[in-house]
There are 2 protein chains.
Amino acid sequence: IIKVKNVRKTYRGNGIEVKAVRGIDLTIKSGEFTAIVGPSGSGKTTFLNTISGLDSPTDGDIMLNGKDLRKMNGKELSDMRRDNIGFIFQSYNLIPVLTVEENIEYIMMLQGIKASERKERVSQILKEVELTGFENRFPPQLSGGQQQRVAVARAMVSNPTLILADEPTANLDSKTSNGLLDMMKRLNKETNMTFLFSTHDPLIMEKADRVITLKDGKIESDEVK
Amino acid sequence: IIKVKNVRKTYRGNGIEVKAVRGIDLTIKSGEFTAIVGPSGSGKTTFLNTISGLDSPTDGDIMLNGKDLRKMNGKELSDMRRDNIGFIFQSYNLIPVLTVEENIEYIMMLQGIKASERKERVSQILKEVELTGFENRFPPQLSGGQQQRVAVARAMVSNPTLILADEPTANLDSKTSNGLLDMMKRLNKETNMTFLFSTHDPLIMEKADRVITLKDGKIESDEVK
Ligand SMILES: Nc1ncnc2c1ncn2[C@@H]1O[C@H](COP(=O)(O)OP(=O)(O)OP(=O)(O)O)[C@@H](O)[C@H]1O
Ligand SMILES: Nc1ncnc2c1ncn2[C@@H]1O[C@H](COP(=O)(O)OP(=O)(O)OP(=O)(O)O)[C@@H](O)[C@H]1O
Ligand SMILES: [Mg+2]
Ligand SMILES: [Mg+2]
C-alpha cells in the first residue's frame with residue numbers, strides 16, 4: 001500500500017538547512033498495524049507528511065496505492081487523501097468554530113454521503129471513543145484528551161484504507177489509550193484498514209505488529225513481531 | 001504556598017452546564033514535587049487554571065503565597081503570575097513569529113532583566129533541555145517534542161517559585177522525559193521551587209513525592225510517598 005524509495009526531506013530557510021529525512025526505503029503492506037518510533041526530532045512527523053503528500057520530499061519516490069505521488073498535482077493529492085487516508089495530527093487541528101459533530105462529519109460531506117447516514121455514523125464513532133452526548137460541544141470547551149478523541153473519531157469515520165496517526169494517545173490516560181488502541185486493532189483485523197503510528201507511547205509499541213525505529217532521519221531498525 | 005478551599009468551576013454556555021470542578025480542598029506546601037492525575041475530563045487543567053488565576057472559580061477560596069486571588073484585579077493577577085509562576089500549558093502556546101530565544105526570554109524582559117544576563121540564561125536553559133543551537137529557529141520549524149521542550153525552558157528560566165506544568169512530557173520519548181524530569185527534580189531540591197504537574201505520564205507519577213487523584217472534579221485520593 002505504501003512504497004517509498006530513498007525519500008529525503010531537507011528544510012531550508014533563514015540561512016539554516018535541516019536534513020529531517022535522510023534516505024528512507026520502506027514498504028508497508030495493506031492491513032499492517034505498524035509503529036514508527038524514535039527520539040524527538042528524528043523525522044517521524046516529517047516522514048508521515050511525505051507519505052500523505054501533505055509535504056513534498058526533496059528527493060525519492062513515493063507510491064501510495066500504486067500511484068506515484070510526485071506525478072500528482074495539488075487537487076489530485078487532495079482528492080486522494082480525502083478518499084483514502086484518515087489523519088490524526090500531532091496537534092489535533094480541530095476547527096474551533098464547528099461543533100464536535102460537524103468536525104467529525106466534514107469529510108463525509110465532501111464525499112457526498114447523505115445527512116441521515118452521516119448522523120448515524122457520527123453517533124456510532126462517538127460511542128467508540130466514549131464521547132456520547134458531545135455532538136454539540138465546541139473544541140475550546142473540551143479537555144486536551146477529549147479533543148484528541150474527537151480527532152481520532154474524525155480520522156476513522158470515513159472508513160479510509162489507511163490511517164496515519166501522529167501521537168494519537170499523547171494526552172490520554174492509560175485506560176482510555178488501551179480502549180482506543182484495542183478498538184483500532186479490532187478494526188484493523190476486521191476490515192484490513194492499515195494503521196501507521198508515529199509515537200513515543202510504549203503501549204502502542206507493545207500492540208503494534210511491526211516497529212520501525214528512526215534515528216536522525218534514517219531507519220535504525222525494523223522489527224516484525 | 002497554595003491553599004484552596006471548596007473550589008468549584010462550572011462552565012455554562014450553549015444551554016449546557018459542565019461542573020468541571022466540584023469542590024476541592026487542598027494545601028500545597030513550598031518545595032513540593034506533586035502530581036495531579038486522573039482520567040481525561042476529570043478537571044485537572046481547569047483546577048490548575050483556577051490556582052493561577054487564569055480562570056476564576058465559580059465558588060471557593062484560593063490563596064497563593066498568602067494572597068487571596070479573588071480580591072485581585074486583572075493587572076494584579078497578571079503581575080503576580082509574571083513574578084511567581086512558570087507555566088507549561090497542555091498546548092505549548094509558543095509565539096510562532098518569535099524565535100526560540102525570544103519566546104524564552106520574554107518574561108525576563110518584562111521583569112527588566114538586562115540583555116546580557118538574559119542571553120546567558122537562555123543559553124544555559126537551552127542546554128538543560130538539550131536544544132543548544134536552536135536560538136534562532138521558529139516554533140513552526142520545530143518538531144512536537146522540540147516545541148514542548150522550549151515551553152519547559154520558558155517556564156523555568158525566570159526562576160519562578162511555582163511551576164504549573166500541564167502534560168509537560170506528552171510528546172516526548174522516555175529518554176528525553178527522564179532527563180527533563182530529573183533536571184526539574186534537581187532544581188526542586190536545590191532551590192525549593194514548587195512543582196505541580198497535571199499528567200497521565202506514569203514516569204511523573206513515579207518521580208513525584210505526592211500524587212493527588214481527581215475523579216469527576218473532586219479529589220479521590222491523596223498519597224504522600
Ligand atoms: N472552556 C470550557 N467550556 C466548557 N466546558 C469545558 C471548558 N474547558 C473544559 N471543559 C469541560 O470541563 C471538564 C474538565 O476539563 P479539563 O480540561 O479540566 O479536564 P482534564 O482533567 O484536564 O482532562 P485531560 O486529561 O483530557 O486534559 C471536561 O468535561 C471538559 O469538557
Ligand atoms: N517546517 C520546518 N522547518 C524547518 N525544520 C523543520 C520543520 N519541521 C520540522 N523540522 C525539523 O526537522 C526535524 C525532524 O522533525 P519532525 O517533526 O519530523 O520530528 P519528530 O520525529 O516527529 O519529533 P517529535 O517526536 O518531537 O514529534 C527536526 O530537527 C525539526 O526541527
Ligand atoms: Mg512529531
Ligand atoms: Mg487537561
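Source: prediction; values computed, not measured. Numbers restart at 1 for each chain; the letters A, B, ... are given by sequence-line order, proteins then strands.
- Counting only residues at least two apart or on different chains, the salt bridge (Lys or Arg N to Asp or Glu O under 4.0 Å) pairs with a member in residues 169-183 of chain B are B:Asp182-B:Lys207.
- Between B:Ser174 and A:His200 there is no side-chain heavy-atom pair separated by less than 4.5 Å.
- Using a 4.5 Å cut-off between non-hydrogen atoms, the part of residues 135-146 of chain B that approaches chain A consists of B:Arg137, B:Phe138, B:Gln141, B:Ser143, B:Gly144, B:Gly145, B:Gln146.
- Of all the listed residues (B:Thr176, B:Thr199, B:Thr169, B:Leu172), the one sharing the greatest number of non-hydrogen pairs under 4.5 Å with chain A is B:Leu172.
- The interface of residues 42-53 of chain B with chain A, defined by heavy-atom distances below 4.5 Å, is empty.
- Applying the 6.0 Å contact sphere to OH of A:Tyr11 captures more than 12 heavy atoms from other residues, nucleotides or ligands.
- For B:Glu223, the CD atom is loosely surrounded, since the number of other residues' heavy atoms within 6.0 Å does not exceed 12.
- For NZ of B:Lys185, the number of neighbouring non-hydrogen atoms (other residues, nucleotides, ligands) closer than 6.0 Å is greater than 12.
- Annotation: B:Lys225, atom NZ; neighbour count of heavy atoms from other residues, nucleotides and ligands within 6.0 Å is above 12.
- Sorted by first and then second residue, the salt bridge (Lys or Arg N to Asp or Glu O under 4.0 Å) pairs with a member in residues 121-131 of chain A read A:Glu117-A:Arg121, A:Glu128-A:Arg186; sequence neighbours excluded.
- Contacts of B:Val18 with chain A are made by side-chain atoms alone, with heavy-atom separations under 4.5 Å and no backbone atom involved.
- Of all heavy-atom pairs spanning A:Glu167 and B:Asn171, the tightest one is CG-OD1, 3.4 Å.
- Remark: B:Gln147 CD to A:Ser40 OG distance equals 10.0 Å, nearest 0.5 Å.
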